[in-house]
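Chain naming here is simple, since letters A, B, ... match the order of the sequence lines and numbering starts at 1 in each. Everything numeric here is computed off the predicted structure, so don't read it as measured data.
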There are 2 protein chains.
Amino acid sequence: MQRKPTMNDVARLAGVGTMTVSRVLNSSPHVSDETAARVRTAVARLGYQPNEMARALRNFKSSTIGLLLPNLYDPFYATCAHALNMVAKEHDYTVLLTITNDNADHEYVEAKRMLQRHVEGLVVIPAESDRCRLGDPEFSEIPVVSMDRPLPPIEGREMDSVTTENQTGAREAIEHLVQVHGLKRILFVGHKPALFTMQERHEGYTSAMSTAGLATMARFDCVSEARATEICRDALELPEPPQAIFTANNLATRLILSALLKLRIRVPEQLALVGFDDLELSDLLHPALTVVRQPMTDLGSTAGRLLFGKLKSQVPRDQLARVVLPVELVVRNSCGCFFASGLGR
Amino acid sequence: MQRKPTMNDVARLAGVGTMTVSRVLNSSPHVSDETAARVRTAVARLGYQPNEMARALRNFKSSTIGLLLPNLYDPFYATCAHALNMVAKEHDYTVLLTITNDNADHEYVEAKRMLQRHVEGLVVIPAESDRCRLGDPEFSEIPVVSMDRPLPPIEGREMDSVTTENQTGAREAIEHLVQVHGLKRILFVGHKPALFTMQERHEGYTSAMSTAGLATMARFDCVSEARATEICRDALELPEPPQAIFTANNLATRLILSALLKLRIRVPEQLALVGFDDLELSDLLHPALTVVRQPMTDLGSTAGRLLFGKLKSQVPRDQLARVVLPVELVVRNSCGCFFASGLGR
DNA sequence: CTGAAAGCGCTAACAC
DNA sequence: GTGTTAGCGCTTTCAG
């Protein structure tokens, strides 16, 4: 385990100065072909690899970006992360990854760590919180882009964001239930009332319901199997029980579906179901799930494009971008469509 | 956007030398409480943050590890990555993430990039390939741990690995089909014959079949919906069609399931199904899937523990660890269990 | 207990 | 075209 060769070693072996080596490595024009060739042989002979640390220290750039997200076991976040990574790779950047567990304090600490590591930009799925600190002045030196949820503006400073049409998606889901299937009593089920996406989807639900002149009912506590069962039971005991449930994210969908199955409630005959977020196997379920599908990959790659646009100075730093990506209502069977016809197996 | 404060700035403000500041920051003992306090105030006043780049350059350590994996959209890999990240966080290390797309050349290039960035260790889900180069001498300076698939030993050098009981898992699945359900003709379906896990599972399948005195049949080309349909159709046209299919990974399971549904083949009555790898909604399917479940989180965290064991010098570098984690046969309905009783909805 | 000097590996700026 | 000098921000070494 001997010391790694440095630029000096290469220079000595090639019989030139270190600067010449540096120039060759950075393919600067003013080097004669002959010397360049000599240097390259020396590099190859020694298996020389530039020390990125020294380079970063000198150049004030690290070719690194930071990615902060709540977790990676949720396929939604993981897919965003995947897409972002691909963009970074295209630009020859490396990604520093951190899991925040949806905790704003961790997020802040980790973001600072990344700053110390001289990341040139940050992509973040902000932690669910009222007191996010990613707007602190120390972060204003690098571009920051948020995905899925916007970063709350702090002291007037706003940051780029890429989100999806949460409201529109929810509204379309409800309108489908109301207009196509003639349903009137639709229950909204979410898992965290404070979450931006949750609020937006609830807003979409509310507005669609009120447009149709229907009364709303919502539960925001669908966080466990037990609770989901409770929610379903409560709902069915109502004098006028809901005819459909709109689950506002993949966790809620999963839990409610499981509860419904256990309670032996027939979907969609007895209770229709539409969910926000597509799930891996939802087309193979019985009934196949009708869902609002979000463009997960686009979220990540758009965030990446936004960030690199600024890093490569193609876009002025102070130009604010707020991209909202379209969602798609994927009509399958759980809403009641194609079901009587027996297509649903 | 002014220059960041350096240690020198702090030293000047506190009226001490830079060394004293350094000592305080690294909580070295030989500083008087009073000076230390002065330094700390100065640090706070300036909002000083140590420059990790300079530190890494000086110390030859970066508090960074590298993670290389095929992709993040596969929940299996993503969950491993999540677990590893959590371990790294415990040790106050940062993770450099790279997607290899299961390409050994990308993997090699990216691993070298990580080396240039002075990662202190590497965790990798090796790309499917006969010519992996992660055993090259340049990597022998840092500990390398592989997950899910072992790294092929190169020039005698072997590396730590964490895998799961692929053979045993497959064998148990087959034995269940044979012994509990009395099935004799079982088709093995995989997607990539070269993959380590695929081979191991096939080996388990073969050994279980031969122990039972049964003939084997295998397909290794389940890579698309169309192909899956073809596989099913081919199988059913056989003079003695299979009574069960064993799908050797989550992709194959997904595709075969979808094909079976489309072909209106009843599971498990007409054809039983057992898969390797659990899927997010597989307990909600009709029938619920019987699967061999792998400890995804354990894979990641064990790999992390192995790596940090060496980084913290608790374990000698040359001590080879080969951990094999147990899998679990999760019996649900697709194998035929609990099905006649109507429990499956 | 504290500070000054030297240098980690690299490159921008200026000589020649 | 090419080499020399200086210094990025930090810490090790060695004097005080």
Self-check item: Closest approach of Arg322(B) to Ser161(B) (non-hydrogen atoms, all atoms of both residues)
Solution: NH1-OG, 3.1 Å

Practice problem: Grab the CG-P distance between Leu25(B) and dG9(D) for me, whole Å please. | Solution: 15 Å

Quiz item: Which heavy-atom pair separates Pro5(B) from Tyr48(B) by the least distance, and what is that distance?
Solution: O-CD1, 3.3 Å

Quiz prompt | Neighbour count >12 (heavy atoms, 6.0 Å) for atom CG, Asn26(A) | solution = yes

Quiz prompt | Heavy-atom check, side chain of Lys4(B) versus side chain of Asn51(B), under 4.5 Å | solution = no

Practice problem: Measure from CE on Met19(A) to P on dT11(C) and round the result to the nearest Å. | Solution: 7 Å

Quiz item: So which nucleotide from dT2(C), dG1(D), dA13(C) ends up closest to the side chain of Thr20(B)?
Solution: dT2(C)

Practice problem: Examine distances only and state if a side-chain atom of Asp136(A) and a backbone atom of Glu138(A) form a donor-acceptor pair shorter than 3.5 Å. | Solution: no

Practice problem: Ignoring backbone atoms, establish whether Ser22(A) has a side-chain N or O less than 4.0 Å from OP1 or OP2 of dC10(C). | Solution: no

Quiz item: dC8(D) C1' sits how many Å from Asp9(B) CG, rounded?
Solution: 13 Å

Quiz item: Looking only at atom types and distance, does a side-chain atom of Lys310(A) sit under 3.5 Å from a main-chain N or O of Val315(A), one as donor and one as acceptor?
Solution: no

Exercise. Check the distance between dG9(D)'s C1' and Leu46(B)'s CG and give it to me in whole angstrom.
Key: 15 Å

Under 3.5 Å, side-chain donor or acceptor atoms of residues 53-69 of chain A against the rest of the protein: list the pairs with distances, not counting sequence neighbours.
| residue | atom | partner | partner atom | Å |
| --- | --- | --- | --- | --- |
| Ser62(A) | OG | Thr64(A) | N | 3.4 |
| Ser62(A) | OG | His118(A) | O | 2.4 |
| Thr64(A) | OG1 | Ser62(A) | O | 2.9 |

Practice problem: Return the value, rounded to whole Å, for the distance between atom NE2 of His30(A) and atom P of dA12(C). | Solution: 13 Å

Quiz item: So does Thr18(A) get a side-chain nitrogen or oxygen closer than 4.0 Å to the phosphate oxygens (OP1/OP2) of dT4(D)?
Solution: no

Quiz prompt | Under-4.0 Å side-chain N/O to phosphate OP1/OP2 contact, Ser32(A) with dT2(D) | solution = yes

Quiz item: Would you say the side-chain atoms of Glu110(A) pair up with the backbone N or O of Thr98(A), donor to acceptor, closer than 3.5 Å?
Solution: no

Quiz prompt | side-chain contact (heavy atoms from CB on, under 4.5 Å) partner of Val16(A), the single match among Leu13(A), Thr18(A), Thr20(A) | solution = Thr20(A)

Quiz prompt | Sorted by number, the residues of residues 50-65 of chain B with heavy-atom contact under 4.0 Å to DNA chain C | solution = Leu57(B), Arg58(B), Phe60(B)

Quiz item: Taking the side chain of Thr6(B) as heavy atoms from C-beta outward, which of dC10(D), dG3(C), dC1(C) is closest to it?
Solution: dC10(D)

Quiz prompt | Any donor-acceptor N/O pair, Asp102(B) side chain to Pro70(B) backbone, under 3.5 Å | solution = no

Self-check item: Partners passing ring-ring contact (aromatic ring centres under 6.0 Å, His included) against Tyr73(A) (at least two apart in sequence or in another chain)
Solution: His82(B)

Self-check item: Angle of first-five versus last-five pair axes in the helix from dC1(C)-dG16(D) to dC16(C)-dG1(D), to 10 degrees
Solution: 40°

Exercise. Round to a whole Å and report the spacing from CZ of Arg23(A) to P of dC10(C).
Key: 15 Å

Practice problem: Using heavy atoms and a sub-4.0 Å distance, could you list which residues of residues 37-44 of chain B are near DNA chain C? By number, please. | Solution: none

Quiz item: CG of Asn8(B) versus C1' of dG9(D): gap in Å, rounded?
Solution: 9 Å

Practice problem: Let me know the distance between CG of Asn26(B) and C1' of dT11(D), rounded to the nearest Å. | Solution: 8 Å

Quiz item: Taking only residues two or more places apart in sequence, or in another chain, which ones meet Tyr93(A) in a ring-ring contact (aromatic ring centres under 6.0 Å, His included)?
Solution: Phe308(A)

Quiz item: Considering only dG9(C), dC1(C), dG1(D), which nucleotide approaches the side chain of Thr35(A) most closely?
Solution: dG1(D)

